[in-house]
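Quick notes on the structure that follows.
By convention here, the first residue in the shown sequence is residue 1.
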Amino acid sequence: MRSDLPLVIVDAANVVGSVPDGWWRDRRGAAERLRDSLVPYATEGLPGHPGPVDLVLVVEGRARDVAPVPGVRVEAAPRSGDDRIAELAAEAADGPSPRPCVVVTADRELRQRAEAHGALCVGPRTVRPLPPPPAG
């Protein structure tokens with residue numbers, strides 16, 4: 001964790017669930033694929049938020065055993081992923097070295113909770129563009 005970088009928190013369950021690609025058959029595998037796709041954002045940043053960034057993927061439930069990879073820290077929520085995301089946003093705002101925080105989720109209630117701590121919220125398409133239409 002680098003507390004001198006902007007914090008980007010990704011709601012794994014919400015982002016994975018934003019594309020109906022069969023993720024429900026293998027939740028852990030879907031979270032691992034998302035984690036791997038996030039690696040470039042750690043150095044490049046997000047649109048409007050240049051990198052590098054401290055990128056955290058919050059996982060829960062069957063995806064709780066997903067391991068971190070260089071560039072993507074993984075936080076396994078002991079209970080609710082939303083609660084852990086709100087806690088991380090609060091820590092970014094209220095910690096000893098406050099820093100900008102971006103939360104990637106489409107969950108309205110979570111967005112309100114994160115924004116209450118000064119986080120900027122963006123939708124899943126920020127990190128997971130829609131797949132191209134089928135050829136033909």
Side-chain angles (χ1 to χ4, degrees):
M1 175 174 80
R2 293 215 16 217
S3 61
D4 60 323
L5 297 176
L7 178 63
V8 174
I9 307 167
V10 179
D11 179 353
N14 188 267
V15 174
V16 163
S18 69
V19 177
D21 60 1
W23 59 264
W24 51 89
R25 291 187 292 269
D26 181 11
R27 293 170 193 253
R28 180 179 175 173
E32 288 171 337
R33 288 188 298 278
L34 173 61
R35 175 205 59 202
D36 295 346
S37 75
L38 294 173
V39 171
Y41 293 105
T43 54
E44 297 169 11
L46 302 176
H49 305 280
V53 299
D54 179 15
L55 205 148
V56 180
L57 179 67
V58 176
V59 295
E60 60 186 312
R62 292 184 186 152
R64 196 172 279 129
D65 294 331
V66 170
V69 294
V72 181
R73 184 163 46 110
V74 176
E75 286 271 339
R79 294 171 301 283
S80 158
D82 290 1
D83 289 347
R84 185 63 188 132
I85 291 166
E87 290 169 4
L88 289 168
E91 290 169 11
D94 304 327
S97 299
R99 59 183 171 153
C101 178
V102 177
V103 174
V104 182
T105 187
D107 182 306
R108 288 183 187 162
E109 182 181 328
L110 177 57
R111 289 172 80 108
Q112 290 175 342
R113 292 173 67 188
E115 288 168 349
H117 294 288
L120 172 69
C121 294
V122 297
R125 288 189 190 170
T126 305
V127 296
R128 189 165 185 185
L130 290 174

**Prompt:** Does the side chain of Val127 come within less than 4.5 Å of Tyr41's, by heavy atoms?
**Reply:** yes

**Asked** Partners of Ala76 by side-chain contact (heavy atoms from CB on, under 4.5 Å), sequence neighbours excluded?
**Response** Val59, Arg64

**Request:** With the side chain counted from C-beta on, respond yes when Glu115 and Cys121 share a heavy-atom pair under 4.5 Å apart, and no when they do not.
**Result:** yes

**Message:** Is there a path of hydrophobic side-chain contacts, each under 4.5 Å between heavy atoms of I/L/V/M/F/W/Y residues, joining Ile85 to Leu120?
**Reply:** no

**Request:** Grab the two heavy atoms, one from Leu55 and one from Gly71, that are nearest each other, plus how far apart they are.
**Result:** CB-O, 3.7 Å

**Prompt:** Considering residues at least two apart in sequence or located in another chain, which fulfil the side-chain contact (heavy atoms from CB on, under 4.5 Å) criterion with Ala77?
**Reply:** Val58, Glu60, Arg84

**Check: Pro124 and Asn14 side chains under 4.5 Å, non-hydrogen atoms** = yes

**Message:** Quick check for you: to the nearest 0.5 Å, what is the distance between Ile9 atom CD1 and Leu88 atom CG?
**Reply:** 4.5 Å

**Request:** Please name all residues satisfying side-chain hydrogen bond (donor to acceptor under 3.5 Å, both in side chains) with Asp83, sequence neighbours left out, ordered by chain then number.
**Result:** Arg113

**Message:** If you apply the rule side chain to side chain contact (heavy atoms under 4.5 Å, CB included), what do you find for Val15 with Leu34, and how did you get there?
**Reply:** CA-CA 8 Å; Val15 174; Leu34 173 61; 3.8 Å; yes

Donor-acceptor pairs are to be reported for all side-chain atoms of residues 102-110 against protein atoms at under 3.5 Å, with residues two or more places apart or in another chain.
{"residue": "Thr105", "atom": "OG1", "partner": "Asp11", "partner atom": "OD2", "Å": "2.9"}
{"residue": "Thr105", "atom": "OG1", "partner": "Asp107", "partner atom": "N", "Å": "3.1"}
{"residue": "Asp107", "atom": "OD1", "partner": "Glu109", "partner atom": "N", "Å": "3.0"}
{"residue": "Asp107", "atom": "OD1", "partner": "Leu110", "partner atom": "N", "Å": "2.8"}

**Item:** Gap between atom CG of Leu57 and atom CD of Glu32 - 0.5 Å precision
**Value:** 10.5 Å

**Thr43: side-chain contact (heavy atoms from CB on, under 4.5 Å) partners, not counting sequence neighbours** = none

**Asked** Val56 and Val8: same hydrophobic cluster, using ILVMFWY side-chain contacts below 4.5 Å?
**Response** no

**Fill in**
So NE2 of His49 and OG1 of Thr126: to nearest 0.5 Å the spacing works out to 8.0 Å

**Asked** Any donor-acceptor pair under 3.5 Å linking the side chain of Arg62 with the backbone of Arg27?
**Response** no

**Complete:** Those residues at least two apart in sequence (or on a different chain) that pass side-chain contact (heavy atoms from CB on, under 4.5 Å) with Asp26 are Arg28, Arg33

**Prompt:** Which value, rounded to the nearest 0.5 Å, describes the distance between Asp54 atom CG and Arg73 atom CZ?
**Reply:** 4.5 Å

**Asked** Would a 4.5 Å heavy-atom cut-off, applied to side chains only, mark Glu91 and Leu7 as touching?
**Response** no

**Message:** Under a 3.5 Å distance rule, please check whether Arg99 uses its side chain to pair with a backbone N or O of Leu5 as donor and acceptor.
**Reply:** yes

